[in-house]
Amino acid sequence: MGILLRLLGQFRRDAPAPWTDDSIFRAISMHLDSGSGSLAPKDLRLPGDESLERAEKIRWAPGALDGVLGRHVEPEESSAKARRLAKLVDRVARTGDRGAEAQSYALLKDESVLPLIDPAIRLMSEWRSPFEPHLALFAFQLATRSKDRGPVKAGIALLGAMKLAEHQETVITLGKHDEFTLYAAVALRNMFVNPTVYLWELARHVDGWGRIQTVERLVPTDNAEVRRWLRTEGYKNSIMYEYLALTAATHGYLREALESSEVTDKDLIAAGEIIEAMITADGGPGPGMDAYSDAAATSLAYLQHASDAPPDLRHLLTARAIFRYLSEDGRDSATRLKCGWSEAAVASVRARASDLIHRPLWESLIREYLESDSEDIFYRANRAAREAGLDAFAWHWRRLQAMPAEPSRWFDAMQTANADRIDQLVDFAERAIPLREIATGPADEMGLGKRFDAHSCLDYVLQDLKRFPGKGLTLIFAGLRSPVVRNRHLALSALEAWERPLNSEGLLAALTRASREEMDEKLAKRISSLLGDA
């Protein structure tokens with residue numbers, strides 16, 4: 001890394017604007033953990049982030065915008081902008097024109113790079129834009145001397161398109177920040193005939209969108225070590241396991257691994273997580289279990305091992321997911337058979353799952369784990385309790401009293417609220433949630449981030465008040481005057497669910513004031529409707 005940083009010094013004296021020493025590359029390089037080689041902290045603020053935050057209302061997680069655009073949004077036609085970018089960079093390639101460099105940088109800074117860069121590179125390939133002496137240096141400077149994200153992404157893409165493998169360390173360094181991993185992964189695939197070792201290295205250093213995007217480009221692979229990593233670690237990411245579950249099962253050869261006579265407890269737990277994530281994926285990001293050709297054989301092998309393994313709530317949850325999946329599978333028999341679900345296979349897997357689910361030891365284990373201070377263990381125990389119909393309110397109430405500023409604890413407690421408990425919860429909410437700090441007047445805040453935790457706490461109370469007419473008016477009054485749009489929506493939803501007329505003490509005055517103050521047209525109409533029914 002020191003060699004690369006010294007190499008940057010060669011461009012300092014005569015570097016044209018907008019090159020800077022306060023670059024994104026330098027920031028990432030200086031924050032790599034000396035032991036693991038990973039970025040620390042994961043949410044590192046980059047140069048240029050302040051101006052980005054001022055310009056954008058929604059703060060995207062690193063790599064999230066490109067991840068969503070690449071997966072869930074049809075690409076917009078951007079041929080005119082891509083051609084403009086290609087012409088500017090081609091001028092740089094042929095003449096080293098400083099003005100074209102600055103214009104290219106400005107365009108890349110102001111526009112989304114994802115829909116631009118591939119068409120631009122294709123045009124430059126058609127035009128046979130020369131790599132040397134100017135383009136290779138320009139791409140390296142974009143990647144290493146820019147303070148804005150777009151130019152860095154373009155620089156990585158150009159280094160890959162030119163197959164400049166000597167810059168693989170630079171590309172991997174940048175790729176360790178999830179914002180740039182997609183571009184780094186594509187560049188590495190372009191740089192090397194067999195990029196497996198480099199992609200695997202990159203994938204192990206990221207855990208968000210970067211993990212998803214790299215693993216998808218790591219497969220297929222004939223590397224046995226990578227296959228094992230895929231089915232034991234590679235599917236894990238901080239976004240959704242569902243995105244990589246099918247990839248891990250298929251290219252990690254999960255069925256073959258489970259059909260072995262010996263499977264470690266750790267590997268079996270990972271297999272269960274993959275199976276459950278595939279089942280969930282079918283109703284979410286997909287594809288998942290419905291697209292997995294080895295679904296029946298893998299499920300049976302997993303359940304056989306899980307039946308002999310030490311009791312673990314994770315196996316209970318996976319067995320329930322499998323049983324529910326088979327019970328709700330409405331596909332025709334021919335379609336199911338493509339995944340191995342013959343009538344005999346369905347009957348065998350259902351029987352195995354049912355035997356595991358109905359073991360008498362689970363309730364005592366759930367109660368034991370509900371006492372845990374570990375968030376992960378408690379989360380699993382709470383899921384298991386809910387699916388078993390076990391009332392966990394006593395545990396949620398204790399946890400809420402211990403940490404009333406934690407939004408998820410209000411969610412859990414309100415989910416178990418009933419007519420006998422709602423007064424207790426409302427009274428505590430009125431004392432524990434800083435309502436005066438929330439009720440500062442309507443605005444158009446999205447309510448994202450830690451500074452809006454109190455508003456999120458109020459959210460989870462408001463969304464369940466619709467089940468309890470007349471309860472929590474003080475909370476509703478605060479919600480109506482919250483700057484967070486979501487709070488106001490939920491406050492109105494509660495009132496709309498209650499019986500008319502709404503003539504409780506203070507409510508008409510609160511709605512009248514809200515009608516004067518509300519800036520959102522849809523919310524204003526809902527308030528007017530309530531006033532008309534009052």
Side-chain angles (χ1 to χ4, degrees), residues 38 42 61-64 66-68 70-72 178 181-182 185 199-200 202-221 226-255 257-258 263-295 298-299 301-303 305-306 312-325 339 353 374-384 386-387 408:
S38 298
K42 293 288 185 183
D66 287 334
V68 171
R71 285 175 160 274
H72 304 298
D178 282 273
T181 318
L182 168 62
L199 289 171
W200 188 27
L202 181 57
R204 285 178 290 175
H205 287 294
V206 286
D207 64 7
W209 279 104
R211 169 69 64 89
I212 295 167
Q213 292 154 341
T214 308
V215 166
E216 289 176 339
R217 288 160 179 80
L218 180 59
V219 298
T221 177
V226 174
R227 287 177 177 175
R228 185 175 191 284
W229 178 80
L230 285 170
R231 66 177 181 265
T232 57
E233 294 292 335
Y235 66 94
K236 298 176 181 178
N237 66 85
S238 59
I239 308 302
M240 293 177 71
Y241 285 10
E242 288 84 347
Y243 278 120
L244 291 177
L246 179 61
T247 299
T250 303
H251 297 287
Y253 286 64
L254 183 61
R255 175 181 64 80
L258 289 173
V263 178
T264 68
D265 291 340
K266 180 181 177 181
D267 288 1
L268 188 61
I269 287 169
E273 289 181 340
I274 291 172
I275 291 170
E276 190 174 359
M278 283 196 291
I279 291 171
T280 306
D282 287 323
M289 200 71 155
D290 288 351
Y292 183 37
S293 60
D294 288 331
T298 300
S299 298
Y302 166 78
L303 290 168
H305 284 291
D312 191 303
L313 291 183
R314 285 169 287 195
H315 296 322
L316 170 62
L317 292 168
T318 302
R320 282 180 174 160
I322 293 171
F323 191 90
R324 187 166 53 248
Y325 171 77
C339 298
S374 165
E375 291 297 322
D376 288 342
I377 293 175
F378 182 86
Y379 170 76
R380 288 194 294 272
N382 185 42
R383 277 190 60 199
R386 186 169 59 248
E387 293 184 14
S408 65

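Atoms considered below: every heavy atom in the structure, side chains included; atoms not considered: hydrogens, waters and symmetry mates.
Atom CG of Asn237 sits about 7.5 Å away from atom CZ of Arg211, to the nearest 0.5 Å. The CD atom of Glu375 sits 6.5 Å away from the OG atom of Ser408 when rounded to the nearest 0.5 Å. To the nearest 0.5 Å, atom CG of residue Leu199 and atom CZ of residue Arg217 are 9.5 Å apart. Atom OG1 of Thr214 and atom CZ of Arg204 lie 12.0 Å apart (nearest 0.5 Å). With rounding to the nearest 0.5 Å, the separation of CG in Asn382 from CD in Glu387 is 10.0 Å. The CZ atom of Phe323 sits 11.5 Å away from atom CG of Leu303, with the distance rounded to the nearest 0.5 Å.
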Donor-acceptor pairs under 3.5 angstrom involving side-chain atoms of residues 270-277: please list them, not counting sequence neighbours.
from, atom 1, to, atom 2, distance (Å)
Glu273, OE1, Tyr235, OH, 2.5
Glu276, OE2, Arg383, NH1, 3.2
Glu276, OE2, Arg383, NH2, 2.4

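In terms of the ring pair (Phe, Tyr, Trp, His ring centres under 6.0 Å) criterion, residue partners of Phe378 (sequence neighbours excluded) are, by chain and number, His396. Looking at residues two or more places apart in sequence or on another chain, you find a side-chain contact (heavy atoms from CB on, under 4.5 Å) between Ala381 and Leu313, Tyr369, Leu370.
Of the residues Arg231, Arg228, His305, the one that meets the side-chain hydrogen bond (donor to acceptor under 3.5 Å, both in side chains) test with Asp267 is Arg228.
Counting heavy atoms from C-beta outward, Arg380 and Leu317 have side chains that approach closer than 4.5 Å. When side chains are defined from C-beta on, Leu258 counts as touching Thr298, because their heavy atoms get closer than 4.5 Å. Two residues are said to be in side-chain contact when any heavy atoms from C-beta on lie closer than 4.5 Å; Ile269 and His315 meet this criterion.
Remark: the backbone N or O of Gly210 is paired with a side-chain donor or acceptor of Asp178 at under 3.5 angstrom. Remark: side-chain polar atoms of Arg320 are paired, donor with acceptor, to backbone N or O of Ala384 under 3.5 angstrom. Side-chain N or O atoms of Ser238 include one that pairs as donor or acceptor with a backbone N or O of Asp207 at under 3.5 Å.
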| request: Show your reasoning for whether side chain to side chain contact (heavy atoms under 4.5 Å, CB included) applies to Arg227 and Thr221. | output: CA-CA 7 Å; Arg227 287 177 177 175; Thr221 177; 4.1 Å; yes
- Item | Stepwise side chain to side chain contact (heavy atoms under 4.5 Å, CB included) test for Thr181 and Trp209 | CA-CA 8 Å; Thr181 318; Trp209 279 104; over 6 Å; no
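Between Trp200 and Trp229, the angle of the ring planes goes over 60°, which puts this pair in the perpendicular group of the 30/60° scheme.
Residues Ala281 and Pro287 share a closest heavy-atom pair of CB-O, 3.9 Å.
Inspection of the Tyr325 and Asp290 side chains reveals an N or O donor paired with an N or O acceptor under 3.5 Å.
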